[in-house]
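Following: one structure in structure tokens, then a few remarks.
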Amino acid sequence: MTPPILAESVRLDDEGVHILDRRVFPFEREWVLCRTSEEVAVAIEDMVTQSSGPYFAALGAMVLAAREASGHADPRAYLRRAGERIVATRKTNNHLRKAVAAVLSEVDKAGGDLVEAATAGARAGDELYRSRSRALGEHTAALVPDGATVLTHCWADLYLVEFVLAARRQSKEFSFFCTETRPYLQGARLTAETLAEMGADTRLITDGMGAAVLASGEVGALVTAADRVTMDGHVVNKIGTLGLAVAADAFGVPFHAMVQAPDQAAPTGADVPIEFRDGDEVLSALGHRVAGERARGHYPAFDVTPPRFVTTVVTDRGAFEPGRLREYYAEGEANQ
């Protein structure tokens, strides 16, 4: 089948990096053109793209930085500074660090043209992410029985797309409940739209309905992405994941968290910096104020689910109980 539009939401060409604006999707299909690496950094900060979108945007940004570096005394130093700027845009998710590392690794190996090396690194990083996502989808689909109803939260991006495609290769079909995911409504605008685009039976629920749906007995599995998973099994993901995981545990519903690899740089949940966004963002939805002028907002963008509420951490190398994640590295270091 034709890949859903959000599977190809970042494009690099001679003009710059084109990013599909997820803030207005699916009502509008606008592309933001970033001509410099700094413009990409600002776009990531401004939530033009989310989930794995910043990873692909960061790859493109590093190519733009390589193009810009030719006018500087130390081009490689300029490229590294640009990478640091990109990584700093959103600190909780590891994708940005990995994208920058993929490009810098190729640049360090190559002794020739900087732009050519950066472009090769970006291409390799793109291919690696997609291949690992396919493996992740296969392993996750194998855990969920045919005909199950799956509860999602936020937008799992390529992980979710590959999960659905893998299920069909395994002759399985799932139906879905999607949380709306305030305040940016990624679940409503991105997840539900993409699942419907792929022909999956999809129902949208508000964020407050999750526990009741889990209690109903209709849900066979809670499946989300994870922005990071620590080595001791804490799952860091979009705010609201913790509440759903606790409710799933209370009602005997397995929770499968998808991540390409556990993060060796984060031994415990306390080692992951949690991004707090401007509280004013929760006072509006889709550009419309939803609270009175006297209200103040509070917006932790991610939460941390303890391993006791996690059934399985699914990686590109298979499924692991949260207490056994060190076994992931028994095969050696994972590629970036």
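In this chain, residues are counted from 1 in sequence order. Only this structure's heavy atoms are used, side chains among them; waters, hydrogens and symmetry mates stay out. If you're wondering where the values come from, they're calculated on a predicted model, not measured in any experiment.
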Practice task
Mark yes or no: Arg317 above the aromatic ring of Tyr328, with NZ or CZ under 6.0 Å from the six-membered ring centre and no more than 45 degrees from the axis.
Solution key: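 Judged by the rule (NZ or CZ under 6.0 Å from the ring centre, within 45° of its axis), Arg317 counts as positioned above Tyr328.
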Practice task
Decide whether a cation-pi geometry holds between Arg134 and Tyr159; the criteria are a distance under 6.0 Å from NZ or CZ to the six-membered ring centre and an angle within 45° of the ring axis.
Solution key: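 Ring-cation test returns no.
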Practice task
Take Gln50 and Tyr184 through the side-chain hydrogen bond (donor to acceptor under 3.5 Å, both in side chains) test and state the conclusion after the steps.
Solution key: CA-CA 10 Å; Gln50 306 120 31; Tyr184 278 88; over 6 Å; no
Handout entry: Sequence neighbours excluded - ring-ring contact (aromatic ring centres under 6.0 Å, His included) pairs with any residue from residues 195-231
Key =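 Output for this query is empty, none listed.
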Should the pair [X]-[Y] be classified as a salt bridge under the 4.0 Å nitrogen-to-oxygen rule?
X	Y	result
Arg81	Glu84	no
Arg277	Glu45	no
Arg132	Glu127	no
Arg182	Asp207	no
Glu39	Arg35	no
Glu173	Arg168	yes
Asp108	Arg80	yes

Problem - Ser51 side chain vs Gly53 backbone, donor-acceptor pair below 3.5 Å - result: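 Here the side-chain-to-backbone pair does not exist.
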Exercise for the section: List the atom of Val24, the atom of Arg189, and the distance in Å for their closest heavy-atom pair. Expected result: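 Smallest interatomic distance, heavy atoms only, reads N-NH1, 4.0 Å.
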Practice task
Apply side-chain contact (heavy atoms from CB on, under 4.5 Å) to the pair Glu68 and Thr36, showing each step before the final yes or no.
Solution key: CA-CA 8 Å; Glu68 298 156 11; Thr36 68; 3.4 Å; yes
Handout entry: Arg76 atom CZ: more than 12 heavy-atom contacts under 6.0 Å
Key =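 For Arg76, atom CZ is crowded (more than 12 foreign heavy atoms under 6.0 Å).
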Practice task
Please check if atom CZ in Arg169 has more than 12 non-hydrogen atoms from other residues, nucleotides or ligands closer than 6.0 Å.
Solution key: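 More than 12 within 6.0 Å, yes.
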Handout entry: Parallel, tilted or perpendicular, as decided by the 30° and 60° cut-offs, for the rings of His95 and Tyr129
Key =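 Rings of Tyr129 and His95: perpendicular, over 60°.
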Exercise for the section: Please step through side-chain contact (heavy atoms from CB on, under 4.5 Å) for the pair Met209 and Thr179, ending with a clear verdict. Expected result: CA-CA 8 Å; Met209 297 177 185; Thr179 58; over 6 Å; no
